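Only this structure's heavy atoms are used, side chains among them; waters, hydrogens and symmetry mates stay out. The model shown is predicted, which means the values in this text are computed figures rather than measured ones.
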Amino acid sequence: MSNRVVTRFAPSPTGYLHIGGARTALFNWLYAKHTDGTMLLRIEDTDRERSTEAATQAILDGLTWLGLSWDGGAVSQFERAPRHREVAEELVRLGKAYYAYETPAELEAMREAARAKSLPPRYNGAWRDRDPSEAPAGVKGAIRIKAPTEGETVVHDRVQGEVRFPNKDLDDFIILRSDGVPTYMHAVVVDDHDMGVTHIIRGDDHLTNAARQTVIYKAMGWEVPSMSHIPLIHGADGAKLSKRHGALGVEAYRALGYLPEALLNYLARLGWSHGDDEVMSIKDMISWFDIGDVNKGAARFDFAKLDALNGVHMRKMDDKALLDIFVATLPYLEGGPALAARLDDTRKAQLLAALPGLKERAKTLVELADGAGFLFVERPLPIDEKAAALLNADARTILRGAHAALQTVSGEWTAAAAEAAVREYATAGGHKLGAVAQPLRAALTGRSTSPGVFDVLAVLGRDESLARIADQID
Ligand code: GLU
């Protein structure tokens with residue numbers, strides 16, 4: 001056996017991959033990459049009523065979009081039920097677990113009695129020491145683990161520290177139901193052991209489960225993996241994460257125009273830091289991440305920070321790479337499919353040329369698509385309200401002059417050549433440059449804001465530019 005780190009992400013396919021799950025996957029992935037280990041994927045589909053194929057697919061898609069790759073195939077927990085059963089039966093043989101035969105009504109009465117005495121509703125251990133020969137005929141019992149009754153169970157957690165659970169609080173919980181279905185608590189332990197998982201990294205809502213799971217590990221004589229329970233994500237106001245705060249499926253973040261790398265950077269920084277570094281590449285994160293450095297306190301999700309970070313990543317990104325990701329994401333953006341349908345090679349080339357200017361003004365791919373809208377519209381352009389206000393009678397007169405000046409550009413049609421012609425016309429006519437540039441922008445884009453107007457002229461090309469201006473002066 002090698003000592004390589006094996007982590008796992010173990011989502012329940014009862015809904016989409018939400019942002020907290022994505023961060024758990026990210027921490028598992030980063031830790032595996034950082035240590036040159038592997039990350040496995042286990043789909044915890046034992047809850048047959050709530051698990052769906054569509055949710056499994058959404059989880060796989062979400063992880064793939066984020067680039068969080070796993071080793072080997074996705075393991076189905078449900079398919080491993082025979083093995084879970086086998087281990088439960090072995091624990092009975094080892095004297096570490098036993099069959100209990102209470103009916104649901106008897107269990108309810110037991111809980112009721114405990115409640116009446118203000119005690120926690122725990123199993124009273126009735127069958128723990130009874131002889132199996134006393135088992136009622138024809139009844140299949142449930143298997144319960146013999147939990148220790150004295151001392152404490154300690155979880156050595158790399159994030160939470162040493163967490164102690166008094167054993168008197170642990171009851172003999174069920175590991176195999178009377179219908180032969182393993183419980184979640186038991187299945188997780190058997191799977192993690194069989195899959196060779198060395199490090200468990202998951203949400204701190206599983207911390208108390210860790211104590212119960214430790215009981216099973218010890219009963220089997222298995223080594224307990226290293227545990228790290230990471231704090232959950234809260235909203236910016238400190239309240240539990242809701243949709244309003246960003247508790248969306250990761251596919252929603254794609255539709256909102258975030259780059260996977262920026263989202264990962266943001267998620268990594270939620271509860272973990274590396275000095276003062278805010279902006280990190282995936283490579284940086286891999287080389288800097290250590291699970292022991294994750295904070296104990298709840299992290300707060302803040303869309304404004306995510307937006308700002310996304311903008312930084314967009315500006316840093318090489319234009320060709322950004323174009324590729326924009327083209328790949330376009331179909332998922334609101335109104336994007338219509339643009340994607342019009343994205344021919346000419347428009348792609350125009351987009352690439354316009355990107356340096358566009359990305360200065362956009363924090364997300366949605367804003368980028370919005371800024372690039374002028375490339376996709378057909379003449380005569382729809383003119384928005386603010387642009388229409390810029391195109392008053394005076395402005396149209398100026399525009400007529402600018403049109404004539406631009407027509408005289410004889411050499412190559414570049415931003416510099418267009419700028420020279422417009423400046424010369426403005427100076428000669430005694431106009432401020434803005435008084436010429438503003439109506440030009442309105443005529444060329446139908447908007448009052450856009451990348452630099454000379455860049456717009458260059459990107460659109462001579463014929464289209466002159467035609468768009470002419471449309472506004474007739
Ligand atoms: N399936 C559990 C969940 O989605 C995770 C269990 C684990 O990581 O041990 O919350």
Side-chain angles (χ1 to χ4, degrees), residues 2-13 15-45 53-77 79-80 188 191-192 194-203 225-226 228 230 248-255 258-272 274 280-291 294 309-310 313 317-318 321-322 324-329 331-332 365:
S2 75
N3 295 322
R4 278 181 69 184
V5 165
V6 179
T7 66
R8 67 7 175 226
F9 178 49
S12 304
Y16 44 40
L17 174 62
H18 59 88
I19 202 70
R23 190 183 57 144
T24 300
L26 172 63
F27 283 2
N28 276 286
W29 186 83
L30 283 178
Y31 191 64
K33 292 279 169 199
H34 177 75
T35 56
D36 201 17
T38 52
M39 178 178 93
L40 307 177
L41 177 64
R42 181 170 71 237
I43 303 295
E44 304 214 309
D45 50 358
E53 198 40 57
T56 298
Q57 200 48 52
I59 291 167
L60 302 186
D61 288 350
L63 292 173
T64 305
W65 174 61
L66 288 169
L68 301 178
S69 50
W70 58 95
D71 225 61
V75 173
S76 156
Q77 185 162 66
E79 285 174 14
R80 293 181 35 82
V188 168
D191 289 348
D192 281 337
D194 288 3
M195 290 164 75
V197 171
T198 61
H199 290 71
I200 293 177
I201 300 171
R202 61 187 173 192
S226 160
S228 301
I230 59 177
L248 309 164
V250 294
E251 68 285 347
Y253 290 83
R254 173 165 57 186
Y258 297 108
L259 304 179
E261 187 176 38
L263 187 55
L264 293 180
N265 183 173
Y266 182 70
L267 289 176
R269 289 280 289 95
L270 276 184
W272 170 74
H274 179 265
M280 304 176 187
S281 68
I282 303 224
K283 248 172 105 184
D284 294 334
M285 291 185 249
I286 290 173
S287 86
W288 295 337
F289 185 78
D290 195 340
I291 190 66
V294 172
L309 197 55
N310 199 67
H313 276 272
M317 195 173 257
D318 163 75
L322 183 58
D324 287 345
I325 212 162
F326 179 73
V327 171
T329 310
Y332 300 99
L365 296 177

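Pairing each heavy atom of Ala22 with each of Leu267, the nearest pair is CB-CD1, 4.0 Å. Of all the heavy atoms in Leu263 and Ile19, the pair that sits closest is CD1-CD1, 4.1 Å. Between Thr198 and Val5, the shortest heavy-atom contact is OG1-CA, 3.4 Å. The two residues Pro331 and Ala328 come nearest to each other via the heavy atoms CD-O, 3.5 Å. Taking each heavy atom of Asn28 and Thr7 in turn, the nearest pair found is O-OG1, 3.1 Å. Of all heavy-atom pairs spanning Phe289 and Trp272, the tightest one is CA-CZ2, 3.5 Å.
Salt-bridge formation is not detected for the pair Asp191/Arg8: no Lys NZ or Arg NE/NH1/NH2 atom is positioned less than 4.0 Å from an Asp or Glu carboxylate oxygen.
In this structure, CD1 on Ile325 lies 11.5 Å from CG on Asp318, to the nearest 0.5 angstrom. If you take CD1 on Ile291 and NE2 on His34, they are separated by 11.0 Å, rounding to the nearest 0.5 Å. Asn310 CG to Leu259 CG: the interatomic distance, rounded to the nearest 0.5 Å, is 4.5 Å. Here CG of Asp192 is found 9.5 Å from CG of Leu40. Values are rounded to the nearest 0.5 Å. In this structure, OG in Ser287 is found 14.0 Å from NZ in Lys33, a value given to the nearest 0.5 Å. Rounded to the nearest 0.5 Å, atoms CE (Met280) and CG (Leu309) are 9.0 Å apart.
Using modelled atom types, one side-chain atom of Asp284 and one backbone atom of Ser281 make a donor-acceptor pair closer than 3.5 Å. Panel note: side chain Arg4, backbone Asp36; a donor-acceptor pair is recorded below 3.5 Å. Judged by distance alone, with hydrogens and angles left aside, the side-chain atoms of Arg23 form a donor-acceptor pair with the main-chain N or O of Leu270 at under 3.5 Å.
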Going through the distances and angles, do Met195 and Val75 end up as a side-chain contact (heavy atoms from CB on, under 4.5 Å)? CA-CA 9 Å; Met195 290 164 75; Val75 173; 3.8 Å; yes
I'd like to know whether Tyr258 forms a side-chain contact (heavy atoms from CB on, under 4.5 Å) with Leu264, so could you lay out the CA-CA distance, the side-chain angles of the two residues, the decisive distance to 0.1 Å, and finally the verdict. CA-CA 10 Å; Tyr258 297 108; Leu264 293 180; over 6 Å; no
Can you check side-chain contact (heavy atoms from CB on, under 4.5 Å) on Ile286 and Trp29, steps first, answer last? CA-CA 9 Å; Ile286 290 173; Trp29 186 83; 3.9 Å; yes
Trace of the side-chain contact (heavy atoms from CB on, under 4.5 Å) decision for Met317 with Glu261: CA-CA 10 Å; Met317 195 173 257; Glu261 187 176 38; 4.2 Å; yes
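Side-chain contact check for Pro11 versus Leu41: some heavy-atom pair is nearer than 4.5 Å.
Screening Tyr16, Trp65, Tyr332 for a side chain to side chain contact (heavy atoms under 4.5 Å, CB included) involving Glu251 leaves a single residue, Tyr16.
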